[in-house]
Amino acid sequence: MVTLEMNLNILTRDLSLYLENQVKVGILGSGVGLSLVLGFSAAYAFYYLSVVAKKPQLITGGEKLCHFLKAHCPVVSETYYPTFWCWEGRIQTLIRPFITAKPWVEYRNELIKTADGGQISLDWFDNDDNAHYPDVATRPTILLLPGLTGTSRESYILHMIKQSEELGYR
């Protein structure tokens with residue numbers, strides 16, 4: 001009876017020492033926590049590369065436009081890798097109000113009156129001071145269309161303008 005009680009005391013003491021050491025190390029210091037983190041990271045990387053990152057699907061009225069786009073816009077044939085931490089459109093919509101940095105962009109406005117009495121307002125960013133394409137006739141033009149209720153002053157449009165400015169586009 002005494003040996004059983006002594007063995008139980010030794011076992012309890014050893015168990016409490018083991019648990020104290022594990023708590024000091026933390027969950028990531030133990031093999032289990034590190035394995036979980038590495039396992040989830042590997043699973044997310046596999047999911048991202050196999051499901052999220054993909055080539056865009058071109059839907060055109062005919063083969064002629066599809067061939068034109070592939071010949072003149074090579075990006076439509078490349079794999080698109082969205083932001084790894086916020087790749088889904090609905091999540092981007094929820095996070096967007098918290099990312100509010102708006103760079104300054106000066107536009108030139110052009111108002112076009114249509115035959116039916118309507119009007120179209122175009123905001124041009126000319127990018128006259130670029131070294132990539134000093135000749136206006138050779139300067140590439142990018143058309144950016146904001147969402148249904150958006151304007152050319154939306155932060156995501158302003159950031160795209162700034163990135164296209166660095167590339168020399170208007």
Side-chain angles (χ1 to χ4, degrees), residues 27-28 33-170:
I27 191 161
L28 291 179
L34 187 58
S35 297
L36 285 173
V37 169
L38 290 176
F40 281 122
S41 298
Y44 181 75
F46 176 76
Y47 176 75
Y48 179 85
L49 293 173
S50 63
V51 176
V52 175
K54 53 183 140 185
K55 292 183 180 184
Q57 181 181 5
L58 288 179
I59 300 172
T60 61
E63 289 295 315
K64 188 175 180 181
L65 178 59
C66 187
H67 291 301
F68 175 82
L69 288 174
K70 286 182 179 178
H72 292 89
C73 301
V75 73
V76 299
S77 300
E78 298 173 1
T79 302
Y80 173 65
Y81 297 95
T83 306
F84 74 94
W85 58 270
C86 187
W87 50 265
E88 210 271 333
R90 291 173 289 229
I91 296 172
Q92 292 171 357
T93 301
L94 292 173
I95 289 182
R96 187 195 159 288
F98 300 109
I99 303 173
T100 58
K102 289 188 175 184
W104 174 251
V105 174
E106 189 172 333
Y107 292 116
R108 174 178 55 89
N109 186 268
E110 180 179 353
L111 195 61
I112 302 170
K113 304 246 183 223
T114 61
D116 63 355
Q119 58 188 13
I120 300 170
S121 177
L122 298 175
D123 288 331
W124 289 92
F125 176 75
D126 293 317
N127 198 8
D128 290 329
D129 302 326
N130 80 63
H132 297 290
Y133 302 97
D135 183 18
V136 177
T138 62
R139 189 173 308 140
T141 301
I142 297 175
L143 175 65
L144 298 175
L145 301 171
L148 183 61
T149 60
T151 68
S152 60
R153 292 283 173 202
E154 297 293 332
S155 64
Y156 68 97
I157 295 288
L158 295 172
H159 283 283
M160 285 191 278
I161 296 283
K162 284 300 184 181
Q163 288 178 354
S164 65
E165 178 184 21
E166 292 171 10
L167 296 171
Y169 303 156
R170 66 175 177 168

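- Scored by the side-chain contact (heavy atoms from CB on, under 4.5 Å) test, Phe84 finds Tyr48 as partners (sequence neighbours excluded).
- Under the rule for a salt bridge (Lys or Arg N to Asp or Glu O under 4.0 Å), Lys54 has no partner lying at least two apart in sequence or in another chain.
- Residue Pro82 comes nearest to Val52 through the heavy atom pair CG-CG1, 3.6 Å, listed as atom of the first residue, atom of the second, then distance.
- Listed by first and then second residue, the ring-ring contact (aromatic ring centres under 6.0 Å, His included) pairs involving residues 56-83 are Phe68-His72 (not counting sequence neighbours).
- Residue pairs meeting the side chain to side chain donor-acceptor pair (under 3.5 Å) criterion with at least one member in residues 110-121, sequence neighbours excluded: Asn109-Ser121, Glu110-Trp124, Thr114-Asp116.
- Using a 4.5 Å heavy-atom threshold, the side chains of Leu158 and Pro103 count as touching.
- For the atom pair Arg108 CZ and Phe125 CZ, the distance stands at 12.0 Å (nearest 0.5 Å).
- In this structure, Ile95 and Cys86 approach most closely via the heavy-atom pair CD1-SG, 3.8 Å.
- Closest approach of Thr60 and Gly62 over heavy atoms only: OG1-O, 2.8 Å.
- Counting only residues at least two apart or on different chains, no salt bridge (charged side-chain N to carboxylate O under 4.0 Å, His left out) pair has a member in residues 61-87.
- Counting only distance, with no hydrogens or angles, the side chain of Glu88 and the backbone of Arg90 share a donor-acceptor pair below 3.5 Å.
- Pairs engaging residues 157-170 under the side chain to side chain donor-acceptor pair (under 3.5 Å) rule: Thr141-Arg170, Lys162-Glu165 [sequence neighbours left out].
- Looking at residues two or more places apart in sequence or on another chain, you find a salt bridge (Lys or Arg N to Asp or Glu O under 4.0 Å) between Arg139 and Asp128.
- Distance check: Ser77 OG to Leu58 CG gives 7.0 Å after rounding to the nearest 0.5 Å.
- From Ile161, atom CD1 reaches atom OH of Tyr156 across 11.5 Å, with rounding to the nearest 0.5 Å.
- Applying the side-chain contact (heavy atoms from CB on, under 4.5 Å) rule to Ser50 yields the partners Phe46; only residues at least two apart in sequence or on another chain are considered.
- Under the side-chain hydrogen bond (donor to acceptor under 3.5 Å, both in side chains) criterion, Asn130 pairs with no residue, sequence neighbours left out.
- In this structure Thr83 satisfies the side-chain contact (heavy atoms from CB on, under 4.5 Å) test together with Trp85, sequence neighbours excluded.
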